[in-house]
Amino acid sequence: MRYVVIISLISLFSMTLSSQTMNHQDATEWVEGKAWTNGWQVSPDKSVNHVEFANQYLRNKVLWDVMFAFLSSNDLENLDLGEHQIEPGRCWVTISEYIPKSTDEGNIESHRKFIDLQYVLRGNEKMGLAGNVTVRKKYNQERDVAFWNSNDITYYPATSDVFFLFFPSDIHQPSVRTDSDMMRSRKIVVKIEYID
């Protein structure tokens, strides 16, 4: 009986957390407080939507905590290339190495079911957020991706001290090389389920 009461209280607490939403000021304080990091010493880029980040974390806290624990407890430099499952169908990590594309070659994309966490461990690249877009390829539900065209992209340097979060409302252009010397990138992309 005591076990049932404890489980009921945990469930009630989780539902209360998941129904909360934060305003901009509270979300910014929450992000800067770094209680969510689970030991990962990398900060969100200034382009990250703090309100969306905080609210998605609250709606799916256990999964985000496991994901951040994975990032903090693994040697990301030496982790095997390819896919690493955290929670099958809900969250996984892909480690890749590649030469970034030029701004003209790079895809502009968005997703509906999953959030992208993108972290460039090493390389000379930048990430773009696009505005004034037109559809290039309609949304593919199986691949969870739509492709866009835009001449209105704001770029942010993808250094090893920041990560990017791209939510469904963020039409983004990842993996674009900077104007400096071309070099191979090592990037970590985490897909984490989006909760409406």
Would you say the side-chain atoms of Q25 and N23 include a donor-acceptor pair closer than 3.5 Å? no
Shared hydrophobic cluster, [X] / [Y] (ILVMFWY, side-chain heavy atoms < 4.5 Å):
{"X": "V51", "Y": "V31", "answer": "no"}
{"X": "L121", "Y": "V189", "answer": "no"}
{"X": "F147", "Y": "I115", "answer": "no"}
{"X": "I86", "Y": "F53", "answer": "yes"}

With side-chain contact (heavy atoms from CB on, under 4.5 Å) as the test, would you mind laying out the steps for I153 and T103 before giving the verdict? CA-CA 10 Å; I153 303 176; T103 54; over 6 Å; no
[atom1]/[X]: more than 12 non-hydrogen atoms of other groups inside 6.0 Å:
{"X": "M183", "atom1": "CE", "value": "yes"}
{"X": "D161", "atom1": "CG", "value": "yes"}
{"X": "Q141", "atom1": "CD", "value": "no"}
{"X": "D179", "atom1": "CG", "value": "no"}

Backbone of [Y] reached by a side-chain donor or acceptor of [X] within 3.5 Å:
{"X": "N132", "Y": "D152", "answer": "no"}
{"X": "N140", "Y": "V145", "answer": "no"}
{"X": "T94", "Y": "E83", "answer": "no"}
{"X": "Q41", "Y": "G39", "answer": "yes"}
{"X": "S185", "Y": "P100", "answer": "no"}
{"X": "R136", "Y": "I108", "answer": "no"}
{"X": "H84", "Y": "V93", "answer": "no"}
{"X": "N55", "Y": "M22", "answer": "yes"}
{"X": "N38", "Y": "D65", "answer": "yes"}

Nearest heavy-atom neighbours spanning [X] and [Y]:
{"X": "S110", "Y": "P168", "result": "CB-O, 4.3 Å"}
{"X": "N74", "Y": "L79", "result": "OD1-CD1, 3.9 Å"}
{"X": "H172", "Y": "D170", "result": "ND1-O, 2.8 Å"}
{"X": "H50", "Y": "A27", "result": "O-CB, 3.5 Å"}
{"X": "P174", "Y": "N107", "result": "CD-O, 3.7 Å"}
{"X": "K34", "Y": "S43", "result": "NZ-OG, 2.7 Å"}

Quick one, [X] and [Y] - any side-chain contact, counting heavy atoms below 4.5 Å?
{"X": "R59", "Y": "T21", "result": "yes"}
{"X": "Y194", "Y": "D144", "result": "no"}
{"X": "S150", "Y": "Q173", "result": "no"}
{"X": "I192", "Y": "L117", "result": "no"}
{"X": "E125", "Y": "V176", "result": "no"}
{"X": "E87", "Y": "E193", "result": "no"}
{"X": "K101", "Y": "S175", "result": "no"}
{"X": "I195", "Y": "Q56", "result": "yes"}

Between [atom1] on residue [X] and [atom2] on residue [Y], distance to nearest 0.5 Å:
{"X": "R177", "Y": "M182", "atom1": "CZ", "atom2": "CE", "answer": "3.5 Å"}
{"X": "I95", "Y": "D80", "atom1": "CD1", "atom2": "CG", "answer": "9.0 Å"}
{"X": "K113", "Y": "R90", "atom1": "NZ", "atom2": "CZ", "answer": "15.0 Å"}
{"X": "N60", "Y": "C91", "atom1": "CG", "atom2": "SG", "answer": "9.0 Å"}

Could you please spell out the steps behind the side-chain hydrogen bond (donor to acceptor under 3.5 Å, both in side chains) verdict for D45 and S47? CA-CA 5 Å; D45 183 73; S47 65; 2.7 Å; yes
How are the rings of W36 and F163 set to each other: parallel, tilted or perpendicular (split at 30° and 60°)? perpendicular
With sequence neighbours excluded, residues passing ring pair (Phe, Tyr, Trp, His ring centres under 6.0 Å) with Y119: W40
Residues that, via side-chain heavy atoms closer than 4.5 angstrom, fall in one hydrophobic cluster with F164: V120, M127, L129, Y156, V162, F166
Which residues end up grouped with F114 if you chain together Ile, Leu, Val, Met, Phe, Trp and Tyr wherever their side-chain heavy atoms are less than 4.5 Å apart? W92
Under-4.0 Å salt bridge between K137 and E109: no
